[in-house]
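In this chain, residues are counted from 1 in sequence order.
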Amino acid sequence: MPAVRAYVGLGSNRDNPERQVSHAFTELTKLPHTRLIKHSRLYLSAPLGPAGQPDYVNAVALLETALSAKDLLKQLLEIEHRHGRIRTGEQWGPRTLDLDLLLYGDLHYADPSLTVPHPRLHERAFVLYPLAELDPGLQIPGKGTLQELIKHCPKQKLTPLPISL
C-alpha cells in the first residue's frame with residue numbers, strides 16, 4: 001500500500017497534559033509502517049464539554065503511513081489505552097489522552113467506527129490553527145481550504161504554549 005499523509009489531533013487535560021501529549025508524539029514515531037513527519041507546537045484550549053474540567057493541551061501531528069485508515073485508528077486507540085484512557089461513552093469529558101484521526105489523504109469515508117475527515121474538524125480552533133501551522137495551504141476534503149475554515153471558525157480560547165527544550 002502506498003504511503004498516505006494523515007493528520008492526527010492530540011489532546012489531554014488530565015495527569016500532566018503536556019507530558020501526555022509529548023509522550024504520544026514519541027509513540028507515534030514507533031507505529032509500524034508510519035513516520036512522524038512533524039507536529040505543531042502545543043496549545044492550551046478551553047474545554048468544550050462539561051463545566052469544571054481543566055483546560056486542554058492540544059496539538060496536531062502529520063504522519064506518513066502505509067497503514068489503512070482503520071489500522072491507523074486501531075493503533076491510535078491502543079496508544080490512548082496505554083495512557084490510561086478508558087472510553088466510558090461520556091462525550092467531551094476529561095481524559096488523559098485523546099487521539100483523533102483528522103485527515104487521511106483525501107479520503108472521504110464514514111462508518112460507525114471511523115469518519116474522515118473528522119466530522120467536527122471545521123468547528124475547532126484547537127485543530128484548525130495547529131493544522132495551519134503544519135500546512136497553511138491544506139485543502140480539507142468536502143470542506144474547502146483550511147484558511148476559509150479558520151475565517152468561519154467559532155471563537156474559542158486558544159493559547160500557544162512556550163516551546164520547551
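Considering CG of Asp98 and CG of Leu10, their distance stands at 8.5 Å, rounded to 0.5 Å. His108 contributes atom NE2, which lies 10.0 Å from atom OG1 of Thr115 (distance to the nearest 0.5 angstrom). Put simply, CG on Leu77 and CG on Leu99 are 8.0 Å apart, with the number rounded to the nearest 0.5 Å. The structure places CG of Asn16 at 8.0 Å from NE2 of His23, a figure rounded to the nearest 0.5 Å. The distance from atom CG of Leu114 to atom CG of Leu101, rounded to the nearest 0.5 Å, is 6.0 Å.
Lys38 places no side-chain N or O within donor-acceptor distance of the main-chain N or O of Leu62, the cut-off being under 3.5 Å.
Here His81 pairs with nothing under the side-chain contact (heavy atoms from CB on, under 4.5 Å) rule; sequence neighbours left out. Judged as a salt bridge (Lys or Arg N to Asp or Glu O under 4.0 Å), and not counting sequence neighbours, Arg5 has no contacts. Partners of Asp100 according to the side chain to side chain donor-acceptor pair (under 3.5 Å) rule, which considers only residues two or more places apart in sequence or in another chain, do not exist here. Checked against side-chain contact (heavy atoms from CB on, under 4.5 Å), His39 has the following partners two or more places apart in sequence or in another chain: Phe25, Leu36, Ala61. The side-chain contact (heavy atoms from CB on, under 4.5 Å) test applied to Leu121 returns Leu102, Leu103, His118, Val127, Leu128, Leu131, Ile140, Leu149, not counting sequence neighbours. Every residue was checked against the salt bridge (Lys or Arg N to Asp or Glu O under 4.0 Å) condition with Lys30, not counting sequence neighbours, and none meets it. Under the salt bridge (Lys or Arg N to Asp or Glu O under 4.0 Å) criterion, Glu27 pairs with Arg82, sequence neighbours left out. Looking at residues two or more places apart in sequence or on another chain, you find no salt bridge (Lys or Arg N to Asp or Glu O under 4.0 Å) involving Arg19.
For Pro47 against Pro54, the heavy-atom pair with the smallest separation is CG-O, 3.7 Å. What you find for Pro130 and Ala59 is that their closest heavy atoms are CB-C, 4.4 Å. For the pair Ala6 and Tyr104, the tightest heavy-atom approach, listed with the atom from each and the gap, is CB-CD1, 4.1 Å. Between Leu28 and Thr34, the shortest heavy-atom distance links the atoms O-CG2, 4.4 Å. Pairing each heavy atom of Leu107 with each of Pro117, the nearest pair is O-CD, 3.7 Å. Nearest heavy atoms, Pro141 versus Gly105: CG-O, 4.1 Å.
For residues 58-68, the pairs satisfying salt bridge (Lys or Arg N to Asp or Glu O under 4.0 Å) are Arg35-Glu64, with sequence neighbours left out. For residues 133-145, the side-chain hydrogen bond (donor to acceptor under 3.5 Å, both in side chains) pairs, not counting sequence neighbours, are Tyr7-Asp135, Arg41-Glu133, Tyr43-Glu133. Residue pairs that meet the ring pair (Phe, Tyr, Trp, His ring centres under 6.0 Å) test with at least one member in residues 119-156, sequence neighbours left out, do not exist here.
Lys74 and Asp71 are not joined by a salt bridge, as no carboxylate oxygen comes within less than 4.0 angstrom of a charged side-chain nitrogen.
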Quick one: side chains of residues 154-163, donor-acceptor pairs under 3.5 Å with protein atoms, not counting sequence neighbours, listed by atom name and distance.
from, atom 1, to, atom 2, distance (Å)
Gln156, OE1, Ala125, N, 2.7
Gln156, NE2, Glu123, O, 2.8
Lys157, NZ, Asp55, OD2, 2.7

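Between Leu31 and Thr65 there is no side-chain heavy-atom pair separated by less than 4.5 Å. Side chains of Val21 and Leu42 form a contact here, defined as non-hydrogen atoms less than 4.5 Å apart. With contacts defined as side-chain heavy-atom distances shorter than 4.5 Å, the pair Gln75/Glu78 qualifies.
A side-chain N or O of Gln53 and one of Asn13 form a donor-acceptor pair less than 3.5 Å apart. In the model, Thr96 has no side-chain atom that pairs as donor or acceptor with a side-chain atom of Asp15 under 3.5 Å.
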key: Intermediate values then yes/no, side-chain contact (heavy atoms from CB on, under 4.5 Å), Val60 and Val8   = CA-CA 6 Å; Val60 171; Val8 175; over 6 Å; no
